[in-house]
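I have placed the structure first, in the form of structure tokens, so that the comments after it can refer back to it.
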Amino acid sequence: MLVWLLQMTAPMLICAQEIADIESEEETILDDRGTVVDTEELLLAPSAETMPAPDALVWDLRSGASGTSLRFGGAGRSSPLMLRADDRGRYSGNMRAGFGAWEFHGGMLRFDHGFGLIARGAGLWHRVSAGSALQTPGHGAAGYIGVDPARRLTGAVLSYDRDGSGLEVLISDTQWEGRRLPLRAARLSGCGGFSVAAITAPDVLAGSVALDRPWTHGRWAFEVSQSDAGRTPRTAMAARIAWIGRGKRLEAMAVAGEDLQTKLSDGLPLVPGPSGSGWAIRGTVGAATAGRWSMLATGGRADHERSGILGAESRLRFETTCVWKTSGGLSLDGRARRVVDRRWGWAASRPWEPPGLDWKRVDWSFALRVAGEWQDWQLTAGIADRWFDDGIRSRSRHLVRFQADRNLGKRGRLRFGHLWSWGGALDLMTADAPAPGILAVRHARHLGALWSVGWSGAVLSLRISAAGEIIERDDDEGPRRFLGGRIRVRGGL
């Protein structure tokens with residue numbers, strides 16, 4: 001019934017909401033391969049550091065190991081032009097133009113709706129973390145500047161938005177199993193948080209209805225979706241509720257459904273397979289300005305069958321974070337996480353493995369960062385650790401990091417950093433800022449040590465951040481040492 005309704009109304013749908021710049025440090029981080037990183041998997045991620053923006057048309061040039069990107073935009077607004085090229089010759093870019101309530105967006109795009117049951121934007125994994133609110137519904141199309149082709153669209157969007165209600169239509173193509181396929185999507189939003197979306201592609205017709213509304217002490221949202229990919233229509237539902245009190249917050253989310261994989265989505269949030277159910281509960285006490293403690297518990301189960309062989313997968317995740325600050329300038333951030341994965345029989349997420357009676361893996365991770373001031377220096381120290389055991393073997397990886405900053409007044413700000421990592425071949429993802437305004441992702445699986453020096457300051461009307469690095473790695477090619485560098489220049493016209 002839902003698909004029939006959307007099929008009848010799809011020709012009427014044309015456009016949506018404000019387009020966001022998803023490459024800002026606050027929303028998306030690109031690693032050295034130009035791929036969007038799941039920020040919830042990072043350990044010791046620094047607080048967001050921004051460069052002051054001129055009160056005029058802003059241009060922002062960034063260059064480093066992952067390539068070069070150039071963005072233009074007005075101060076405090078999303079960029080009307082974004083360009084990026086990486087060291088392998090791959091590129092991406094998009095542009096935006098507005099005419100009153102009308103807006104056009106073309107180039108490399110992403111499309112997101114609701115909780116991602118039928119449409120999940122490129123690079124938006126929607127994982128949950130104790131340190132951030134549970135997932136909120138997505139809001140349509142936006143520019144995408146990553147070079148990762150997964151769910152990346154190439155095309156154009158035309159939208160009309162008036163007082164929060166609007167229409168949006170997307171005409172594009174996408175990569176699917178090595179082929180380029182035409183794709184059309186439409187979204188209608190408004191009516192106090194209500195939105196409906198439809199997606200059509202070869203052998204696929206999918207529709208979704210979502211609602212996101214505030215209430216007296218919190219917020220609630222849900223999504224109902226249906227997809228028909230040349231077989232029996234599949235249905236899924238997701239819901240979230242948040243209660244907010246003075247210094248307290250309690251959230252819960254649940255999702256359940258059958259295989260809804262479309263050209264724009266690869267599964268259900270919180271579910272370890274294409275079909276199943278999942279849940280999440282998160283509680284927070286305190287405020288980030290003084291002291292805050294959060295706890296998260298999630299669970300998910302998926303059932304499978306192949307050639308008469310039954311199987312199931314489950315995932316339980318427990319995580320806690322704490323933030324504590326004193327009036328003397330000392331701050332402490334900590335995080336601990338335990339993930340238990342189990343499977344019985346055949347598992348869709350590991351189809352290359354033969355059916356097993358019982359498989360279990362426990363994955364622990366821990367991080368602690370302390371920051372304070374000493375004379376004219378701002379000092380930061382952090383440790384991170386990851387360990388897992390699957391019953392056959394266990395591995396662990398450890399990391400220690402130090403950083404020292406000094407404010408040079410009108411001459412800018414100077415920063416020194418050192419990172420040391422050792423242990424088994426286990427990926428421990430972390431992020432640091434070798435210079436104010438630059439954010440770098442580190443994969444510590446083969447990283448032995450890193451020394452960095454960075455500077456940030458103003459030259460004429462330009463704001464410049466630059467960092468040099470000496471990196472030691474030990475991988476399949478043996479021990480290596482090489483130099484690296486990153487630069488970011490921002491100015492106004």
Side-chain angles (χ1 to χ4, degrees), residues 18-37 39 42 45-87 90-98 105 107-108 123 142-147 378 380 403 405-417 431-442 452-469 484-493:
E18 181 177 349
I19 292 178
D21 172 10
I22 71 162
E23 209 230 347
S24 65
E25 287 86 352
E26 295 80 4
E27 298 184 27
T28 300
I29 301 175
L30 300 178
D31 67 7
D32 285 348
R33 295 185 289 271
T35 300
V36 176
V37 172
T39 57
L42 296 175
S47 301
E49 294 184 276
T50 59
M51 302 175 70
D55 296 326
L57 184 65
V58 177
W59 60 269
D60 193 342
L61 174 67
R62 309 183 195 190
S63 185
S66 60
T68 301
S69 67
L70 176 64
R71 298 183 295 169
F72 286 94
R77 299 183 305 171
S78 58
S79 300
L81 176 63
M82 298 193 294
L83 302 172
R84 181 180 182 85
D86 71 357
D87 56 352
R90 299 176 300 182
Y91 67 91
S92 65
N94 55 81
M95 58 83 64
R96 177 180 60 85
H105 208 125
M108 307 301 184
Y144 178 65
I145 201 172
V147 296
Q378 177 72 34
T380 304
Q403 183 176 286
D405 287 70
R406 181 158 186 169
N407 193 339
L408 304 178
K410 295 182 179 180
R411 292 177 294 175
R413 188 173 169 189
L414 188 64
R415 174 171 295 176
F416 299 95
D432 71 330
I438 296 178
L439 196 60
V441 177
R442 315 291 185 187
S452 65
V453 57
W455 173 84
S456 177
V459 177
L460 300 177
S461 61
L462 303 179
R463 295 192 175 273
I464 302 175
S465 293
E469 303 167 342
R486 303 169 188 267
I487 187 171
R488 180 180 177 187
V489 182
R490 191 173 192 179
L493 300 177

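Quantities reported herein were computed from a predicted structural model and do not represent experimental measurements. Hydrogens, waters and symmetry mates play no part in the numbers below; they use all other heavy atoms, side chains included.
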### Query
Asn407 and Gly412: which non-hydrogen atoms are nearest, and at how many Å?
OD1-O, 3.4 Å

### Query
So how far is it from Trp455 CH2 to Arg411 CZ, rounded to the nearest 0.5 Å?
11.5 Å

### Message
To the nearest 0.5 Å, what is the distance between CD on Gln378 and CZ on Arg413?
### Response
7.5 Å

### Task
Quick one: pull up CG in Asn94 and CE in Met108 and give me the separation to the nearest 0.5 Å.
9.0 Å

### Summary
Of all heavy-atom pairs linking Ala433 and Gln403, the shortest is O-OE1, 3.6 Å

### Message
Any side-chain to backbone donor/acceptor pair from Ser465 onto Pro436? Under 3.5 Å, distance only.
### Response
yes

### Task
Could you tell me the separation between the OG atom of Ser452 and the CZ atom of Arg415, rounded to the nearest 0.5 Å?
8.5 Å

### Shortest non-hydrogen separation from Arg442 to Arg486 and the atoms involved
NH1-NH2, 3.6 Å

## Note on the structure
So CZ of Arg490 and CG of Leu61: to nearest 0.5 Å the spacing works out to 12.0 Å

#### Entry: Distance in Å, Leu439 CG paired with Arg488 CZ, rounded so as to fall on 0.5 Å steps
10.0 Å

